[in-house]
Q: 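Quick one: the structure is below, questions incoming.
What's counted below: heavy atoms across the whole structure, side chains too, no hydrogens, waters or symmetry copies. Fair warning: this is a prediction, and the values are worked out from it, not measured in the lab.
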Amino acid sequence: MSDNPVLLAEERSEFGKGAARRARRAGKVPTVLYGHGEEPKHVVLPGHATTLAARVPNAILDLDIEGESHLAMIKDIQRHAIRPELQHIDLLTVKRGERVEIEVPVHVEGEPAVGAVANQEETVLLVEADALKAPEALTVSIEGREAGAHVLASDVELPSGVTLVADAELLIVNVSEPEELDVPEPGEEG
């Protein structure tokens with residue numbers, strides 16, 4: 001049995017803003033399932049269960065569309081600007097063992113050397129991984145790095161079975177000296 005959430009999906013026959021609003025009022029999320037050269041499937045998913053599943057980057061969902069099972073990866077989410085609601089989701093059909101290109105969040109941990117500051121230039125890294133074994137995040141340590149140090153995409157440690165797709169020279173973290181602000185002396189004009 002899979003540890004992916006199983007969501008009961010209903011096929012949509014109505015399209016457009018009005019139909020989408022009615023689905024949202026009913027606590028459902030309008031969704032489109034693409035992939036593998038098949039015609040896109042327009043479905044609605046249960047709102048609460050989908051919101052919980054969508055908290056994980058590149059989440060894999062096990063969909064039950066009228067008795068037929070589909071594995072799908074979340075590719076794009078449209079969220080409400082103010083409320084914590086999902087407005088629309090695009091899903092990509094995947095198969096067990098299939099490799100996919102995904103953007104994985106990069107987390108920076110540690111503190112640079114005294115007198116240096118770290119600037120994270122990229123927050124995600126494009127990699128290729130097995131769809132069902134994709135990492136949730138990649139971690140980069142900057143502990144004790146001196147000003148002038150850089151962390152490039154090629155320096156990021158990838159889990160087994162994950163390969164880098166992004167440019168190896170892509171700057172992830174830049175460690176530099178802090179910029180000094182020119183603060184005027186009291187009585188001077190600024």
Side-chain angles (χ1 to χ4, degrees), residues 1-5 7 29 31-38 40 45 50-63 70-79 81 84 86-182:
M1 185 76 187
S2 146
D3 59 350
N4 304 322
L7 301 176
V29 180
T31 305
V32 179
L33 178 64
Y34 299 96
H36 294 283
E38 296 179 19
L45 299 175
T50 305
T51 301
L52 293 175
R55 292 187 299 177
V56 177
N58 303 309
I60 297 288
L61 307 176
D62 195 349
L63 303 179
H70 294 270
L71 277 179
M73 175 181 278
I74 296 177
K75 285 308 282 180
D76 187 45
I77 299 175
Q78 294 174 11
R79 299 178 190 273
L86 302 178
Q87 297 289 298
H88 185 272
I89 296 181
D90 286 337
L91 299 174
L92 178 67
T93 300
V94 294
K95 294 180 180 170
R96 295 186 190 286
E98 179 180 8
R99 294 183 62 81
V100 293
E101 286 187 9
I102 54 173
E103 288 186 334
V104 178
V106 177
H107 297 282
V108 177
E109 63 181 25
E111 294 293 325
V114 176
V117 294
N119 297 310
Q120 186 170 358
E121 304 293 334
E122 295 291 332
T123 57
V124 294
L125 192 58
L126 185 63
V127 298
E128 183 181 76
D130 183 311
L132 300 179
K133 297 176 185 171
E136 288 185 26
L138 300 170
T139 304
V140 173
S141 175
I142 58 163
E143 189 63 43
R145 291 190 187 235
E146 300 286 336
H150 302 294
V151 177
L152 303 176
S154 59
D155 299 328
V156 177
E157 214 172 297
L158 300 175
S160 175
V162 177
T163 55
L164 183 66
V165 174
D167 181 8
E169 298 297 312
L170 180 68
L171 181 61
I172 305 296
V173 180
N174 180 26
V175 181
S176 61
E177 293 181 8
E179 289 185 20
E180 291 190 28
L181 298 176
D182 190 18

Q: Quick one: closest heavy-atom pair of Ala53 and Ala59, and the distance?
A: O-CB, 3.3 Å
Q: Looking at every heavy atom in both Ala134 and Ile102, which two are closest together, and how far apart are they?
A: CB-CD1, 3.3 Å
Q: Considering all heavy atoms of both residues, which atom of Ala116 and which atom of Ala147 are nearest to each other, and what is their separation?
A: CB-N, 3.9 Å
Q: Look at the side chain of Thr93 and the backbone N and O of Tyr34, then say whether any donor-acceptor pair between them is shorter than 3.5 Å.
A: yes
Q: Closest heavy-atom contact between Arg79 and Ala54?
A: NH2-O, 3.9 Å
Q: Please check this pair: side chain of Ser141 against backbone of Thr139, looking for a donor-acceptor N/O pair closer than 3.5 Å.
A: no
Q: Compare all side-chain heavy atoms of His150 with those of Val175 and state whether any distance is below 4.5 angstrom.
A: no
Q: Would you say CD of Glu177 has more than 12 non-hydrogen atoms from neighbouring residues, nucleotides or ligands within 6.0 angstrom?
A: no
Q: At their closest point, which heavy atom of Met73 faces which heavy atom of Ala131, and how far apart are they?
A: CE-O, 3.8 Å
Q: For Gln78, look at atom CD and say whether over 12 heavy atoms of other residues, nucleotides or ligands are found less than 6.0 Å away.
A: yes
Q: What are the two closest heavy atoms between Thr163 and Leu158, and how far apart are they?
A: C-CD1, 3.9 Å
Q: Decide if atom CD of Glu157 counts as having more than 12 heavy atoms of other residues, nucleotides or ligands within a radius under 6.0 Å.
A: no
Q: Does any non-hydrogen side-chain atom of Leu91 lie less than 4.5 Å from one of Lys75?
A: no
Q: Just how far is it from atom CG of Leu92 to atom CG of Asp76, taken to the nearest 0.5 Å?
A: 11.5 Å
Q: Is the side chain of Arg99 donor-acceptor paired with the backbone N or O of Gly161 at a distance under 3.5 Å, no angle test?
A: yes
Q: Mind checking the CZ-CG spacing from Arg145 to Asn174? Nearest 0.5 Å is all I need.
A: 11.5 Å
Q: Measuring only between side-chain heavy atoms, which start at C-beta, is Pro159 closer than 4.5 Å to Leu138?
A: yes
Q: Is His88 close to Val32 at the side-chain level, that is, under 4.5 Å between some pair of heavy atoms?
A: yes
Q: Looking at Leu125, Val124, Val173, which one forms a side chain to side chain contact (heavy atoms under 4.5 Å, CB included) with Val106?
A: Leu125
Q: Applying side-chain contact (heavy atoms from CB on, under 4.5 Å) to Leu126 and Glu101, what does each step give before you reach the verdict?
A: CA-CA 7 Å; Leu126 185 63; Glu101 286 187 9; 4.1 Å; yes
Q: Less than 4.5 Å apart, side chain to side chain, heavy atoms only: is that true for Leu132 and Leu71?
A: yes
Q: Taking side chain as C-beta onward, heavy atoms only, is Glu98 less than 4.5 Å from Asp130?
A: no
Q: Return the CD to CD distance between Glu143 and Glu109, rounded to the nearest 0.5 Å.
A: 8.5 Å
Q: Find the distance between CD1 (Ile89) and CD1 (Ile77) and round it off to the nearest 0.5 Å.
A: 5.0 Å
Q: If I take atom CG from residue Leu61 and atom OG1 from residue Thr50, how far apart are they, to the nearest 0.5 angstrom?
A: 7.0 Å
Q: Can you measure from CD1 (Ile142) to CG (Asn119) and round to the nearest 0.5 angstrom?
A: 9.5 Å
Q: Any non-hydrogen side-chain atom of Ile74 less than 4.5 Å from a side-chain atom of Asn58?
A: no
Q: Mind checking whether Asp155 and Ile172 have side chains closer than 4.5 Å, heavy atoms only?
A: no
Q: Step by step, would you call Glu128 with Val162 a side-chain contact (heavy atoms from CB on, under 4.5 Å)?
A: CA-CA 6 Å; Glu128 183 181 76; Val162 177; over 6 Å; no
